[in-house]
Enquirer: 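One structure follows; several queries about it will come next.
Counting convention: from 1, in listed order, for ligands and their atoms alike.
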Amino acid sequence: METGVQEKIWLSSPHMGSTEQLYVKQAFDSNWIAPLGPNVTGFERSIEGYVGNNVHAACLSSGTGAIHLALELLGIGLGDEVLCQSFTFAASANPITYLGAEPVFIDSERETWNISPELLEKAIVDRRNFGKKPKAIIAVHLYGMPYKVDEIKAISRKYDIPVIEDSAEALGSVYDGVRCGSFGDIGILSFNGNKIITTSGGGALLSKDKQIIDRAVYLATQARDNAPHYQHSHIGYNYRMSNVLAGIGRGQMEVLEERVSARRNNFLFYKENLSSISGLSFLEDPKGSLSNRWLTCVLTSSFETRERIRIALDNENIESRPLWKPMHLQPIFKEATNYTNGVSEDLFERGLCLPSGSNLEQEDLERICTIIKANFDD
Ligand SMILES: *Cc1c(COP(=O)(O)O)cnc(C)c1O
């Protein structure tokens, strides 16, 4: 039926390959419906092989749960301070509060839009002057763009503060020849529905230290002591990934490289077709880095222009979205300490995420670019 309304174009929708259902069927056929089982182990080996760099993986029920466990594993507790990138999705910061700890938000630098090494060091020195030694750093490869790994690592070593590497958006991104996920003392991934690959919901905790992984699995499965009865010497969680969903993950791993290149191609298409517009700009890959371009983001010249484009797209049934609203501007974190420089606030005002799914067709991309261009002709 011709309705006159064009088909919806989503920001980032799930994109299945061809073997996901086979793995799920295996789970059904063998009655491995309960959590754990061969798909979970298979998915973990596959992630380890892909990320490389001697990393170990534990699959969990969400990326948020993985950050929660990461903080717990680093001994974060009541009243502790955790330094967290302000420019991110709330799930990076929320788990800090689950443990009664306090986030201290750090603004971004312009080159990658991620945590500013300069401000981070300033904050650490400042907190120490207040007699508060921060207990962890949460750095995020936002939109798939690797943060300044070497600089952050150097600060982490200098002040002896571990790093949680939030790689939820960055599976397949590369920094200095190594894939993201293994740079932090603990790394995390997300397989939520809109991420680069999905298990409908899920996450993983990564570390080069096998003991951390074993401990994560123990905590994620209700922290059972080694005894025939149920005995607990530690508070546990129910955070393990289901064997059914891990089947989807195994299938998705087989197409991950295709998904990364499709998203990178979206970015290149937008850049080629839109960069002649003065007042629109794109974030380039810094030397040595390769973003998976989970989402393609553009910067406009003003809040008004950003909104004009967003609304024009929305009127044509196309989903786009302002960049993440920084945590230090969120009502829920208005009491939190922050170290800011205006960068994330500016990005939030002027930035827009364009449709970026790996399942977008060439004609979708053309339609989007035509609408954006039309809004600059007047
Ligand atoms: C999606 C996301 C998370 C949380 O992952 P879930 O699997 O949705 O819980 C954490 N951090 C960032 C930056 C994310 O984009």
Enquirer: List every atom of ligand 1 that sits less than 4.0 Å from any heavy atom of G63, numbering the atoms from 1 in the order shown and giving each element.
Expert: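 The list of qualifying atoms is 5 (O), 6 (P), 7 (O), 9 (O).
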Enquirer: So, using ring-ring contact (aromatic ring centres under 6.0 Å, His included) as the criterion, who are the partners of F333 when residues are at least two apart?
Expert: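 Here the qualifying residues are F105.
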Enquirer: Would you check whether G203 reaches within less than 4.0 Å of ligand 1, judged by its heavy atoms?
Expert: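 Contact check G203 vs ligand 1: negative.
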Enquirer: Of all the atoms in ligand 1, which lie at a distance below 4.0 Å from a heavy atom belonging to A91?
Expert: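 In order of number, 3 (C), 4 (C), 10 (C).
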Enquirer: Taking the six-membered ring for Trp, are Y339 and H328 closer than 6.0 Å centroid to centroid?
Expert: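 No, the ring centres sit 6.0 Å or more apart.
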Enquirer: Hey, are E319 and R321 close enough for a salt bridge, meaning a charged N less than 4.0 Å from a carboxylate O?
Expert: yes
Enquirer: Could you tell me if R224 sits above the aromatic ring of Y218, with its cationic atom closer than 6.0 Å to the ring centre and no more than 45 degrees from the axis?
Expert: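 So R224 doesn't make the cation-pi contact.
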Enquirer: Any nitrogen or oxygen of D166, main chain or side chain, under 3.5 Å from a nitrogen or oxygen of ligand 1?
Expert: yes
Enquirer: Counting heavy atoms only, which of G144, A168, S61 comes nearest to atom 12 (C) of ligand 1?
Expert: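 The option holding the nearest heavy atom is A168.
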Enquirer: By number and element, which atoms of ligand 1 are closer than 4.0 Å to a non-hydrogen atom of G202?
Expert: 7 (O)
Enquirer: Taking atom OG of S344 and atom CG of D107, what is their separation to the nearest 0.5 Å?
Expert: 3.5 Å
Enquirer: Taking ring-ring contact (aromatic ring centres under 6.0 Å, His included) as the test, write out the residues that go with F89, two or more places apart.
Expert: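 Result, ring-ring contact (aromatic ring centres under 6.0 Å, His included) vs F89: W324.
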Enquirer: Examine the proximity of ligand 1 to V140 and report which part, side chain or backbone, both or neither, has a heavy atom under 4.0 Å away.
Expert: side chain
Enquirer: Within ligand 1, which atoms have a heavy atom of T88 less than 4.0 Å away?
Expert: 13 (C)
Enquirer: Does the ring centre of F43 sit less than 6.0 Å away from the ring centre of F191?
Expert: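 Centroid distance F191-F43: below 6.0 Å, so yes.
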Enquirer: Can we say R179 and E257 salt-bridge, meaning some charged N sits less than 4.0 Å from an Asp/Glu carboxylate O?
Expert: yes
Enquirer: Look at atom 15 (O) of ligand 1 and say which protein heavy atom is nearest, naming residue and atom and giving the distance to 0.1 Å.
Expert: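 That would be E169 OE2, 2.5 Å.
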Enquirer: Considering the heavy atoms of S190, write down every atom of ligand 1 situated less than 4.0 Å from one of them.
Expert: 1 (C), 5 (O), 6 (P), 7 (O), 8 (O)
Enquirer: Just let me know how T64 lines up against ligand 1, side chain, backbone, both or neither, with a heavy-atom cut-off below 4.0 Å.
Expert: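 It is both parts that get close, each with some atom under 4.0 Å.
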Enquirer: Are the charged groups of E20 and R250 less than 4.0 angstrom apart, N to O?
Expert: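 Salt bridge: no.
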Enquirer: Would you kindly specify which portion of S62 sits under 4.0 Å from ligand 1, judged on non-hydrogen atoms: side chain, backbone, both or neither?
Expert: both
Enquirer: Do any nitrogen or oxygen atoms of K195 come within less than 3.5 Å of a nitrogen or oxygen of ligand 1?
Expert: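 K195 vs ligand 1: N/O contact under 3.5 Å present.
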